[in-house]
Amino acid sequence: MTATAPQAVPPVLAPAGAAPSVTRVFIRLKLSLMRNGLRQSRGRTVGWSIGVGLAMLYALGNGAGMIALRHNHYAPAVSVTVAVVLAVGWAVMPLFFFGGDDTLDPTRLAMLPLRPRPLLTALLTSSLIGVGPLFTLLLAAGAVTAVADGPAAVAVAVLAVALLLVLCVALSRAIAAANTRLLTSRKGRDLALLSGLFVAVGAQLINLGLSSLSGNDGLHRATSAASVLRWIPPATAVDAVRSTGRGAYGLAAVQLAVTVAVLVLVLRWWHRSLFRLMVSPDASTIAAAPEQSRQRGPAAGRSRLRLPLPEGRTGTVMQRQFRYLWRDPRAKAALATGLAVGLLLPLVAVVQHGTVYQCLWAAGLLGVQMYNQFGLDGSAFWTVMATIGDRREAELELRGRALTVALIAVPYVTVVTTGAAIILGRVDALAETLGLAFAFVGALVATGGFLSVRFPYAVPRDNPFSNAAPGQSGLVLVNVFGGTGAGAALCLPVLGPVIALHLTGHHGLLWLALPVGAIYGAAIAMVSLRLTAPRLLDRLPEILATVRG
């Protein structure tokens, strides 16, 4: 009996484990990030807990207040307004807090084998976890409860809350993805530095809006505005609940369809942004074409600024200062603050029917840009010091810096004051207001140039939100309060005659304040800069040592 050779048995391969769901992995990652962030320190845990508790109390209080508005005439207006405010808040949140939330940056996942569509689903699902979505959910629930009437409306309310929450989160993520490269660049850091200004101006505008809504007339205006807001998604979903309760099922269906259509468009926009970030190459991975390099070569160092600047050292200094204002985040923030608040205060006067003289704030806020001129130079001031060899060069240096401020302040103050005078119906006071404003700008330039030389202070580079180095706060007070007080006193030769003409009834001569104020402001600034130039020449080493910090 012959033995047969055993046949080779092929190895049995164990079935490969199913790949984990991308969405499940991202949910676990989101929970891990939240948990590990709280483990960093006990103080951070306590602060986070207190903040979350206050936010939840605020959301619950607002939700309860909206529920109390049930069957009230103004409940629909409040509900749609809350929906629009939530959407706007989610839309602007990435612009201000992009750097503080690493999950907003999809380029961190570019090296992983993930396709944009599954990544979008995973990011959207994981983004629904957190304090922000819970806060939004509570407010949305209160908004729809205030207008829900009947079982059908309650069913639509559940769908409306889901659409509102998903649309807000998707909109936030889409905006973050579309602006990722901007927000991770130097311009994005500039925007973060300016976020405090945006919030302050926005809060003041909201305050003006609320004050204008006081009384019965204001509530009627709010209802009229809500008739427009209810067609802005996601307010359409909230208003669909009210339409369902009234029996207008066709209108409710249209409103829900509009909300779904906008959500689809936002998701498509988000998907295209993810595809561009994750798949498409950018300028950092593609070499510039030779013909493009040749075309850009001669103009590579050419400035974008196209202004008729003076020749010689004065024009060179102005060119340098304008570049500082454009490129340096701190200088840009200071100028933007002066421009925004200088416009906001006249706007307050217009809304509250105030006086046109509030436009002098614009002159003051832009005139103080002349203070601490050398502090922003920092250690680079030595390059300026090396080019100043005599009194004439020192005067031209100061003149160039002063003309930079004047070139911004004078046209801006003219436009703001003229607009406010026309809207307020005080064209008769335009000439004297402009004359006082020009004199005030000139006085602040005069005192700012002197104080920049006599009391300079260092500006820290490691802290973008600090105005002075430690131990130099007293110099800041001297510059701000002492300089503005001295500038106001220097305006008395123009202010005194204006007051005298008002008291004596010679209103027909008040137009003289415009040429007198303009000439006086320019003259006092020129005299101050000429007298300050020798002191600058003598104090160059001391200024350099101070601004270096």
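- Between the side chains of Glu432 and Tyr357, at least one donor-acceptor pair of N or O atoms lies under 3.5 Å.
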> Would Ile543 and Leu536 satisfy side chain to side chain contact (heavy atoms under 4.5 Å, CB included), going step by step from the backbone distance to the final call?
Replying inline: CA-CA 9 Å; Ile543 296 175; Leu536 172 62; 3.7 Å; yes

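- Among pairs with a residue in residues 439-455, those fulfilling side chain to side chain donor-acceptor pair (under 3.5 Å) read Tyr371-Thr447, at least two apart in sequence or across chains.
- Distance check: Leu537 CG to Thr532 OG1 gives 12.5 Å after rounding to the nearest 0.5 Å.
- How far CE of Met370 is from CG of Leu444: 11.0 Å, rounded to the nearest 0.5 Å.
- The backbone N or O of Leu339 sits less than 3.5 Å from a side-chain atom of Tyr412, completing a donor-acceptor pair.
- Remark: side-chain polar atoms of Thr387 are paired, donor with acceptor, to backbone N or O of Val384 under 3.5 angstrom.
- Of the possible donor and acceptor atoms, one in the side chain of Thr383 sits under 3.5 Å from a partner among the backbone N and O of Ala380.
- Counting heavy atoms of neighbouring residues, nucleotides and ligands inside a 6.0 Å radius, atom CH2 of Trp90 exceeds 12 of them.
- Counting heavy-atom neighbours within 6.0 Å of Met526 CE, excluding the residue itself, gives a total of 12 or less.
- The two residues Ala533 and Arg391 make their nearest non-hydrogen contact at CB-O, 3.9 Å.
- The main-chain N or O of Asp538 is never found under 3.5 Å from a side-chain atom of Glu542 such that the two would form a donor-acceptor pair.
- Side chains of Trp270 and Leu274 form a contact here, defined as non-hydrogen atoms less than 4.5 Å apart.
- What you find for Thr314 and Leu403 is that their closest heavy atoms are CG2-CD1, 3.7 Å.
- For Glu393, there are no salt bridge (Lys or Arg N to Asp or Glu O under 4.0 Å) partners, not counting sequence neighbours.
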> How far apart are the C-alpha atoms of Tyr457 and Asn479, what are their side-chain angles, what is the distance that settles it, and do they pass the side chain to side chain contact (heavy atoms under 4.5 Å, CB included) test?
Replying inline: CA-CA 10 Å; Tyr457 54 90; Asn479 276 263; 3.6 Å; yes

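- A salt bridge links Arg401 to Asp377: at least one charged side-chain nitrogen sits closer than 4.0 Å to a carboxylate oxygen.
- Every side-chain hydrogen bond (donor to acceptor under 3.5 Å, both in side chains) that Arg426 has, sequence neighbours left out, goes to Asp428.
- Ring geometry for His502 versus His507: interplanar angle over 60°, hence perpendicular rather than tilted (30 to 60°).
- Here the side chain of Ser172 pairs no donor or acceptor atom with the backbone of Cys168 at under 3.5 angstrom.
- Within a 6.0 Å radius of CZ in Arg313, other residues, nucleotides and ligands contribute more than 12 heavy atoms.
- The minimum heavy-atom distance linking Ala363 with Phe440 is given by the pair CB-CD2, 4.3 Å.
- The minimum heavy-atom distance between Ala362 and Gly342, with the atom names listed, is CB-O, 3.5 Å.
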>> For a side chain to side chain contact (heavy atoms under 4.5 Å, CB included) check, start with the C-alpha distance between Phe322 and Ile408, then their side-chain angles and the critical distance, and finish with the verdict.
In response: CA-CA 10 Å; Phe322 278 119; Ile408 298 173; 4.0 Å; yes

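- Within 6.0 Å of the CZ atom in Arg535, the count of heavy atoms belonging to other residues, nucleotides or ligands does not exceed 12.
- When side chains are defined from C-beta on, Arg539 counts as touching Pro456, because their heavy atoms get closer than 4.5 Å.
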> Could you go step by step and tell me if Leu396 and Arg399 meet the side chain to side chain contact (heavy atoms under 4.5 Å, CB included) rule?
Replying inline: CA-CA 5 Å; Leu396 293 178; Arg399 182 183 299 176; 4.0 Å; yes

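- Between Leu343 atom CG and Trp361 atom CH2 the span is 15.0 Å, to the nearest 0.5 Å.
- Taking the side chain as every heavy atom from C-beta outward, Leu436 and Leu495 approach each other to under 4.5 Å.
- Val453 places a side-chain heavy atom less than 4.5 Å from the side chain of Phe374.
- The CD1 atom of Ile422 sits 7.5 Å away from the CG atom of Leu430 when rounded to the nearest 0.5 Å.
- The two atoms that bring Ser127 and Pro133 nearest to each other are O-CG, 3.2 Å, heavy atoms only.
- Panel note: side chain Thr414, backbone Val410; a donor-acceptor pair is recorded below 3.5 Å.
- The closest side-chain heavy-atom distance from Val494 to Phe438 is not below 4.5 Å.
- Between Leu366 and Val441 there is no side-chain heavy-atom pair separated by less than 4.5 Å.
- Contact detail for Ala431 and Leu514: the closest heavy-atom pair is O-CB, 3.6 Å.
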